[in-house]
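Sequence lines set the chain letters: A, B, ... in the order given, protein chains first and strands last, and positions in each chain run from 1.
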Amino acid sequence: MRTHYCGTLRASDIGSTVTLFGWVDRRRDHGGVIFVDLRDRTGVVQIVSDPERTPESYPQADPLRNEYVVKIVGRVSQRPAESLNPKLPTGEVEIYADSIELLNAVRKPLPFQVSTADSESVREDLRLRYRYLDLRRERMAQNLRVRHEVIKAIRRFLEDQEGFMEVETPILTRSTPEGARDYLVPSRVNPGEFYALPQSPQLFKQLLMVSGVDRYYQVARCFRDEDLRADRQPEFTQLDMEMSFMTQDEILALNEALVAHIFKTVQGIEIPLPFPRLTYAEAMDRYGSDKPDTRYGLELVDVSDLVKDCGFKVFSGAVAEGGIVKVLPIPGGNDQISNVRIKPGGDIFKIASEAGAKGLAYIRVRAEGAVDTIGAIKDNLPAEKMQELLSRTNAQEGDLLLFGAGPTDIVNATLDRVRQAVAKEMNLIPEGKLNLLWITDFPMFEWNADEQRLEALHHPFTAPHPDDVADLKTARAVAYDLVLNGYEIGGGSLRIYQPDVQQWVFDTIGLTTEEAKDKFGFLLEAFEYGTPPHGGIAYGLDRLVMLMAGEDSIRDAIAFPKTQQARCLLTQAPSGVDEAQLKELSIASTYEPGEEED
RNA sequence: GGGCCUGUAGUUCAACCGGUUAGAGCACCGCCCUGUCACGGCGGAAGUUGCGGGUUCGAAUCCCGUCAGGCCCGCCA
């Protein structure tokens with residue numbers, strides 16, 4: 001029977017006889033003495049074997065190799081003074097092995113070394129193919145631990161301190177319009193009909209409020225059949241919450257306490273409360289983004305009013321057509337960013353054009369208030385406007401001012417991306433800084449040009465701001481996102497709980513009464529039976545863990561993630577199935593290998 | 001659907017502008033070494049340069065196609 005875990009042994013254990021199980025992390029054979037680093041999930045401890053002190057185990061230590069599984073019985077001993085290892089938590093002790101039992105060997109060449117120098121990075125496809133080995137490695141083992149600790153902290157806080165109850169909701173549910181593409185599951189019992197996997201438990205948690213659950217949470221798996229990114233997987237985990245009879249401020253305060261609790265218990269980090277708040281309008285104005293990274297400055301400056309009458313048509317025309325002209329001032333940018341990079345063919349130009357910009361005008365601020373700029377600005381911007389522009393952007397010698405001009409959304413998207421690229425390149429992002437903030441007062445709807453209709457920015461159950469109900473089309477929503485270092489890690493809203501308001505919203509997004517009844521009739525009906533005011537939030541748990549673990553990819557926060565092609569390299573999912581299985585489900589595949597699908 | 005990047009020994013990387021037998025660290029095998037902790041020393045085995053085609057006297061290197069992985073755009077209420 002195991003008496004201890006490897007990584008937990010300390011000087012206070014000296015003298016004890018211990019039984020350890022684990023993997024050989026490394027073996028060092030000095031001819032007359034063999035050292036084995038034995039690893040389990042808690043860490044490593046050094047095993048010593050030599051012919052004099054441990055004659056029985058010495059021959060047993062000889063055939064050991066990396067990643068062999070062994071049982072070791074030995075005595076915890078003080079290391080000689082000159083052999084202490086301050087790099088290891090167990091570095092004060094070592095185990096004299098009285099017996100070493102080989103439980104299992106490695107029978108094939110390891111696809112990669114489990115224990116390697118930090119500088120060596122293994123190809124990710126190999127790591128995913130042999131994920132069970134990858135998870136043995138310190139980095140991934142640590143990430144799994146962080147994930148576990150985060151979820152544990154959430155449960156302790158919500159259940160023990162705040163009276164939340166976890167309720168599971170269906171994985172097999174019904175397809176709903178709006179939102180992402182659904183994963184579908186054919187129903188054998190009901191031929192021709194399909195379940196959908198939930199994109200989130202949204203409707204069920206609202207129903208639970210009608211049920212009087214009052215404070216619900218769930219660590220909920222969600223599914224969206226969309227293309228993958230470094231921070232997006234087709235199945236992911238939300239911390240889903242919903243609560244009744246609370247105002248927005250009360251919900252935000254509770255969530256601030258939750259997030260602070262998570263960081264405090266998992267990483268010992270104190271986060272000042274309350275979190276800063278920005279309205280959506282402010283965030284778009286100052287950063288061009290609804291999830292701004294506020295760890296650094298580089299705020300945008302709107303200069304539409306200064307240039308609206310100038311002779312430079314790109315500027316005046318943009319304003320005349322209802323757009324804007326904004327400046328991204330880059331302190332010290334003159335030395336950092338050459339004209340070549342801003343002009344067609346340059347990398348900064350490319351970033352801007354991918355966001356829809358036609359180009360980037362610029363001003364370079366020189367000594368004594370002199371400027372270098374493109375001819376069109378020099379010739380067309382009156383001196384007093386130039387002075388006002390320099391003073392409004394707080395321009396100093398050496399600064400580079402980049403202009404975005406055009407439709408508001410394109411200008412914001414352009415300068416947002418350039419801002420992030422510049423911050424990264426100029427090392428403006430402080431290491432280890434955590435910047436949490438709320439974005440509030442999102443608009444209810446945005447225009448979908450493809451479908452020529454308004455659609456819900458958040459989702460169609462979001463309550464309109466009480467001051468704005470006169471005109472829903474332009475109304476603000478009582479919706480909020482939590483942003484951490486430029487990543488949206490959570491978002492929620494107060495919900496509509498009156499059927500008539502819900503109906504107005506469906507009308508506004510062009511959902512006919514019939515469609516609404518067909519898709520959401522059960523929810524509207526539930527609202528007829530005494531629905532409490534309620535609201536909630538959902539966090540992207542994988543993303544939160546990724547950020548807390550210091551990783552750049554959500555895959556490193558998930559035990560068994562999928563590749564960008566949505567494949568599992570370990571199980572080879574997805575796969576073909578027997579014709580008989582399809583038949584049983586009353587479905588057939590229209591896919592023909594070698595042919596283009598459309 | 002589109003753009004960009006990567007693919008060389010089990011693994012991490014080299015191999016210059018196309019030119020002898022494709023090299024090195026780790027891992028593996030053998031020998032040596034009693035205080036290492038990324039131990040060290042000597043030796044060995046290990047390669048269809050992802051795959052297919054083309055250009056060339058000659059291709060890891062250039063070109064085309066294809067497969068796999070990554071980053072991004074579109075998409076993701």
Side-chain angles (χ1 to χ4, degrees), chain A residues 25-38 44-54 58 65-67 79-88 90-91 94 106 108-130 133 176-182 199-200 202 222-234 236 347 350-351 353-356 413 417 421 442 444-446 448 450-451 454-462 477 479 488 491 493 505 509 511 538 540 552-553 555 562-565 567 569 594 596-598:
Chain A
D25 193 63
R26 276 177 188 281
R27 172 178 169 276
R28 291 175 295 279
D29 184 350
H30 287 254
V33 59
I34 295 173
F35 299 101
V36 173
D37 290 338
L38 188 68
V44 298
V45 68
Q46 174 164 284
I47 313 294
V48 189
S49 187
D50 68 40
E52 284 153 31
R53 287 174 296 201
T54 61
Y58 186 63
R65 295 294 180 273
N66 291 351
E67 303 308 315
R79 286 191 184 204
E82 65 279 11
S83 295
L84 299 174
N85 186 348
K87 283 186 283 187
L88 287 180
T90 59
E94 58 191 2
V106 173
K108 299 171 68 176
L110 288 166
F112 52 84
Q113 288 304 116
V114 170
S115 180
T116 54
D118 294 340
S119 58
E120 284 212 353
S121 61
V122 178
R123 282 182 71 95
E124 193 173 3
D125 49 349
L126 265 185
R127 292 174 51 205
L128 294 177
R129 167 83 177 76
Y130 300 96
L133 291 179
T176 53
E178 304 267 317
R181 196 176 292 113
D182 284 322
Q199 297 179 26
S200 79
Q202 184 62 37
C222 305
F223 305 86
R224 293 177 190 177
D225 187 5
E226 297 293 347
D227 286 346
L228 289 79
R229 290 285 188 280
D231 63 349
R232 270 162 38 191
Q233 284 273 304
F236 61 101
D347 61 326
K350 186 159 175 267
I351 291 169
S353 66
E354 279 175 0
R417 288 187 200 179
F442 280 80
M444 284 286 284
F445 306 106
E446 69 184 346
N448 183 325
D450 289 343
E451 297 178 21
L454 287 174
E455 61 183 15
L457 188 69
H458 198 63
H459 58 57
F461 315 106
T462 301
E488 180 201 327
S493 62
V505 170
I509 60 175
L511 202 64
D552 293 325
S553 166
R555 294 185 297 278
K562 294 181 175 55
T563 68
Q564 197 159 51
Q565 294 306 310
R567 291 196 162 276
L569 296 182
E596 290 290 310
E597 283 182 294
D598 55 18

message: Over all strands shown, is A/R27 touching base, sugar-phosphate only, or nothing at heavy-atom distances under 4.0 angstrom?
response: nothing

SB check A/R28 A/D37 (cutoff 4.0 Å): yes

query: Hey, is the side chain of A/Q113 pairing donor to acceptor with the base of B/U12 inside 3.5 Å?
result: no

- prompt: Taking the C1' atom of each, how far is B/C16 from B/G1, in whole Å?
  reply: 39 Å

task: Can you figure out which of B/C71, B/A27, B/G35 approaches the side chain of A/R555 most closely?
output: B/C71

field: Interatomic distance at C1', B/C37 relative to B/C31, whole Å
entry: 23 Å

query: So, do A/F112 and B/U11 meet the stacking rule of ring centres under 5.5 Å and planes under 30°?
result: no

message: At 4.0 Å (heavy atoms only), tell me whether A/D225 reaches a base, stays on the sugar-phosphate, or touches nothing.
response: nothing

- prompt: For B/C13, which nucleotide is its Watson-Crick or G-U wobble mate, given both distances must be under 3.5 Å?
  reply: B/G23

query: Hey, does A/T90 have a side-chain heavy atom less than 4.5 Å from the side chain of A/Q46?
result: no

Pairing partner (Watson-Crick or G-U wobble, both distances under 3.5 angstrom) of B/C28: B/G44

- request: Take the protein atom CD1 of A/I34 and the nucleotide atom C1' of B/C37, then report the distance between them rounded to whole Å.
  value: 15 Å

- prompt: What interatomic distance, in whole Å, is found between P of B/U55 and the corresponding atom of B/C63?
  reply: 16 Å

field: Side chain of A/R229 - closest among B/A27, B/C72, B/U36
entry: B/C72

statement: Walking RNA chain B from its 5' end, the first of A/E52 and A/A456 to be reached, judged by nearest nucleotide, is A/E52

statement: Here the distance between atom C1' of B/G70 and atom CZ of A/R232, to the nearest Å, is 15 Å

query: Under 4.0 angstrom, heavy atoms only, what part of the nucleic acid is A/L228 near: base, sugar-phosphate, or nothing?
result: nothing

query: Counting any heavy atom closer than 4.0 Å, what does A/R127 reach on the DNA or RNA strands: base, sugar-phosphate only, or nothing?
result: nothing

task: Rounded off to whole Å, could you give me the CD1-to-P distance for the A/I47 and B/U36 pair?
output: 18 Å

- request: For A/S200, report the nucleic acid contact type (base, sugar-phosphate, nothing); a contact means any heavy atom under 4.0 Å.
  value: base

- prompt: Does A/R567 get its side chain close enough to the base of B/G69, under 3.5 Å, for a donor-acceptor pair?
  reply: no

message: From C-beta outward on A/R53, which listed nucleotide comes closest to its side chain: B/U8, B/G35, B/G74?
response: B/G35

- prompt: Any side-chain N or O of A/R28 under 4.0 Å from OP1/OP2 of B/U36?
  reply: no

- request: Could you measure between the two P atoms, the one in B/C26 and the one in B/C42, and give it in whole Å?
  value: 11 Å

task: Check the distance between B/G10's C1' and A/R129's CZ and give it to me in whole angstrom.
output: 13 Å

message: Please check: side-chain N/O of A/R79 versus main-chain N/O of A/L84, any donor-acceptor pairing under 3.5 Å?
response: no

query: With sugar-phosphate meaning primed atoms plus P, OP1 and OP2, does A/L128 contact a base, only sugar-phosphate, or nothing at under 4.0 Å between heavy atoms?
result: nothing

task: Assess whether one donor atom and one acceptor atom, taken from the side chain of A/R79 and the base of B/C37, lie less than 3.5 Å apart.
output: yes

query: Is any side-chain N or O of A/R224 under 3.5 Å from a base N or O of B/C75, one able to act as donor and the other as acceptor?
result: no

message: What is the distance, to the nearest angstrom, from the CG atom on A/D29 to the P atom on B/A38?
response: 17 Å

task: With sequence neighbours excluded, tell me which residues meet side-chain hydrogen bond (donor to acceptor under 3.5 Å, both in side chains) with A/E446.
output: none

Interatomic distance, A/Y130 OH vs B/G69 P [rounded to whole Å]: 15 Å

- request: Indicate, with a heavy-atom threshold strictly under 4.0 Å, whether A/P111 touches base, sugar-phosphate, or nothing.
  value: sugar-phosphate

- prompt: Using atom P of each nucleotide, how far apart are B/U66 and B/G47 to the nearest Å?
  reply: 31 Å

query: For atom C1', what is the distance between B/G30 and B/C71, given to the nearest Å?
result: 45 Å

- prompt: Has A/S121 got a side-chain N or O lying under 4.0 Å from the OP1 or OP2 atom of B/C13?
  reply: yes

- prompt: Taking only side-chain nitrogens and oxygens of A/Q564, does any of them come within less than 4.0 Å of OP1 or OP2 of B/C71?
  reply: yes

message: For the C1' atoms, the ones on B/U8 and on B/G50, what distance do you get once it is rounded to whole angstrom?
response: 10 Å

message: If you compare every side-chain N and O of A/K87 against the phosphate oxygens of B/A38 (OP1, OP2), does one of them come in below 4.0 Å?
response: yes

query: Less than 3.5 Å between a donor and an acceptor, one on the side chain of A/D227 and one on the base of B/C76, is that the case here?
result: no

task: Can you check whether any acceptor in the base of B/G35 is under 3.5 Å from a donor in the side chain of A/E82, or vice versa?
output: no

- request: Check whether any side-chain N or O of A/E67 sits under 3.5 Å from a backbone N or O of A/V114 as a donor-acceptor pair, and report yes or no.
  value: no

query: Are A/T563 and A/L569 close enough that some pair of their side-chain heavy atoms sits under 4.5 Å apart?
result: yes

- request: Have a look at A/L133 and say if it touches a base, only the backbone sugar-phosphate, or nothing, with a 4.0 Å heavy-atom cut-off.
  value: nothing

task: Between B/G69, B/U36, B/U11, spot the one nearest the side chain of A/Q565, thanks.
output: B/G69

B/C62: pairing nucleotide in any strand, Watson-Crick or G-U under 3.5 angstrom: B/G54

query: Counting side-chain heavy atoms from C-beta on, which of B/G35, B/G10, B/U34 comes nearest to A/P109?
result: B/G10

- prompt: Within a strict 4.5 Å, meaning less than it, do heavy atoms of the A/V505 and A/F445 side chains meet?
  reply: yes

message: Within the structure provided, determine whether A/L511 and A/P460 are in side-chain contact (heavy-atom separation under 4.5 Å).
response: no

message: Among B/C72, B/U36, B/C76, which nucleotide has an atom closest to any side-chain atom of A/A180?
response: B/C76

task: Identify the nucleotide, in any strand shown, that forms a Watson-Crick or G-U wobble pair with B/A68, with both distances under 3.5 Å; if there is none, say none.
output: B/U6

message: Between A/R26 and B/C26, is there a contact of a side-chain N or O with OP1 or OP2 at under 4.0 Å?
response: no

- request: Go through B/C75, B/C71, B/C72 for me and flag the one nearest to the A/S553 side chain.
  value: B/C71

- request: Examine distances only and state if a side-chain atom of A/E226 and a backbone atom of A/R181 form a donor-acceptor pair shorter than 3.5 Å.
  value: yes

field: Nearest to side-chain heavy atoms of A/F35, which nucleotide of B/G69, B/A27, B/G35
entry: B/G35

task: Decide, for B/C42, between syn and anti: a glycosidic angle within 90° of 0 counts as syn, anything else as anti.
output: anti

field: Spacing between A/K562 atom NZ and B/A68 atom P, to the nearest angstrom
entry: 17 Å

task: Please state how far atom CG in A/L126 lies from atom P in B/G50, giving the value in whole angstrom units.
output: 14 Å

- prompt: Counting only side-chain N and O atoms of A/R65, is one of them less than 4.0 Å from OP1 or OP2 of B/C29?
  reply: yes

- prompt: Considering only B/C72, B/C37, B/G69, which nucleotide approaches the side chain of A/S83 most closely?
  reply: B/C37

- line: Closest heavy-atom pair, A/L457 versus A/F442, reported as atoms and distance to 0.1 Å, is CD2-CD2, 3.6 Å

query: B/C33 and B/G23: how far apart are their C1' atoms, nearest whole angstrom?
result: 28 Å

task: Classify the nucleic acid contact of A/V122 as base, sugar-phosphate or nothing, counting any heavy atom under 4.0 Å across all strands shown.
output: sugar-phosphate

task: Check every strand shown and say whether A/I509 touches a base, only sugar-phosphate, or nothing at a heavy-atom separation below 4.0 Å.
output: nothing

